[in-house]
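On a predicted model such as this, the values are computed, not experimentally measured, just so you know. Each chain gets a letter, A, B and so on, in the order its sequence line appears, and its residues count up from 1.
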Number of protein chains: 2
Amino acid sequence: MPLQRVSSAEQVRDHITTLILNGELKPGTALRETAIATSLGVSRNTVREAVLLLGHSRLIRHEMHRGAVIAEPTKDALVNLYDARRGLEVGAASVEASDDVVAGLKQALIDLEAAAESGNDRDIVAKDLAFHAATVRNLASTRIDNFYSGLAVELSFYLGSLAASRLDYAEDEFFLEEHRRIYLAIAARDTETAVRYVREHLDETIRRLQRRLES
Amino acid sequence: MPLQRVSSAEQVRDHITTLILNGELKPGTALRETAIATSLGVSRNTVREAVLLLGHSRLIRHEMHRGAVIAEPTKDALVNLYDARRGLEVGAASVEASDDVVAGLKQALIDLEAAAESGNDRDIVAKDLAFHAATVRNLASTRIDNFYSGLAVELSFYLGSLAASRLDYAEDEFFLEEHRRIYLAIAARDTETAVRYVREHLDETIRRLQRRLES
DNA sequence: TATTGTTGGATTGTAAGACAATCCTTCATC
DNA sequence: GATGAAGGATTGTCTTACAATCCAACAATA
């Protein structure tokens, strides 16, 4: 039995994280140490430790004597994020997939289709990212998977904060088709085609996002 | 002008980091908060913050009520590290390289050859890792580059701590040749061959390391 | 008016001291 | 030899305090 204890600082960090991901703390908001401390009934010290722990993710920006601020979905941040996605996903697509990966991918696609059917934006985003995470798993490294999952968290936060004006994923008739053909190419071990489809999909996706950012 | 201030905690973190990388703090050593605090003339508070900051890297292991301990080069840690390397480097090798990347790679190879000539183990390790980092740059993401550089730091720490019984890189006649042919394959845009050479090189390297670990 | 000091409150960075919780070793007991 | 109790050592957390810095509002000046 691993028996894992959880420090107060870690709990506060998780609390703040969920607040951010739920959109209850909007981009640009400053994290006031004393406010959080009194509201949670812990010392300022503990809050500081929590914020430092949080600093590893990119959900907040930290500046000396200025405190922590919830990250904002700037164009640069998005491009940076998608460059990393492209690197990993294209790399993953250019290696012939194992049967395990294909199986996981198939399931991820099924989940995605179900989510699209339901029309729940949040769920669609989650299943979309899960599909792409399943492609990255082809690189066969849990450590890379963790790294990618960090990217996914960050991205879903950005998407959530942009979603004041709905995402309208479901409205897009190509959305599902793009994923289907990626799956088929990977399953067929046609790496060349898979790479092309992945590239096109990511390029198209970030284009849509940037358009949405401007409005 | 960016004008960056540096907090005490960050300085302490950097200090501890260099101590670790220089081998002055050996794997398994416990980081005692009060000892560090008094020795550096800062408060225990600040040391705690420094250790939390350090926690983002994997140079230390942290457990509740047990404090931080310098990471140890276990077999699992090495495998985990090399899985990540393989994922990134193979992915990078399977994409046709840009001229920029090839140029950087060529320079990295020259540096590596010079280091091998000099026979300085530390320098050889650094240039070796720099060469591989240059291949990863083909993924065209600064973020992935940062991630990889974290892997490299961790690896060079492990290598350093194993190097009580010299690395004897230079003694290995294949060492340089393996890098040369990787470069040539990448420069020729022969991705299939490049991938094979990268795979072989990494597999061979970790095999050597594991052998060294057992002794 | 626009620009440049100045001032004061708010917030963070750091220190210091305290104490409970937990760990770890040693020693006593069975 | 296994079990368990005792005690010191260390971490986790809180509290208080104050210096450094930021920031906004206001005052002074060209």
Grab the two heavy atoms, one from A/Asp123 and one from A/Ser118, that are nearest each other, plus how far apart they are. OD2-OG, 4.4 Å

Has [X] got a side-chain N or O lying under 4.0 Å from the OP1 or OP2 atom of [N]?
X       : N      : result
B/Ser8  : C/dT14 : yes
A/Thr46 : D/dG12 : no
B/Arg48 : D/dT11 : no

Write down the distance between [atom1] ([X]) and [atom2] ([N]), rounded to a whole number of angstrom.
X       : N      : atom1 : atom2 : answer
B/Ile36 : C/dA15 : CD1   : C1'   : 17 Å
A/Glu49 : D/dT15 : CD    : C1'   : 15 Å
A/Arg13 : D/dT13 : CZ    : P     : 12 Å
B/His62 : D/dT11 : NE2   : P     : 8 Å
B/Asn45 : D/dC14 : CG    : P     : 12 Å
A/Leu52 : D/dG12 : CG    : C1'   : 15 Å

Basic-acidic side-chain contact under 4.0 Å: A/Glu178, A/Arg208: yes

Pair B/Arg44 + B/Glu49, salt bridge at N-O below 4.0 Å: no

Might you work through the ring pair (Phe, Tyr, Trp, His ring centres under 6.0 Å) test for A/His201 and A/Tyr197, ending with a clear yes or no? CA-CA 6 Å; A/His201 175 62; A/Tyr197 285 165; over 10 Å; no

Determine whether A/Arg85 and A/Tyr148 make a side-chain contact, defined as any pair of heavy atoms from C-beta on separated by less than 4.5 Å. yes

Nucleotide N/O of nucleotides 6-11 of chain C paired with protein N/O under 3.5 Å:
unit_1	atom_1	unit_2	atom_2	d
C/dT11	O3'	A/Arg32	NH1	3.1

side-chain contact (heavy atoms from CB on, under 4.5 Å) partner of A/Arg86, chosen from A/Leu81, A/Asp203, A/Val198: A/Asp203

At less than 3.5 Å, do the side-chain atoms of A/Arg44 and the base atoms of C/dG13 form a donor-acceptor pair? yes

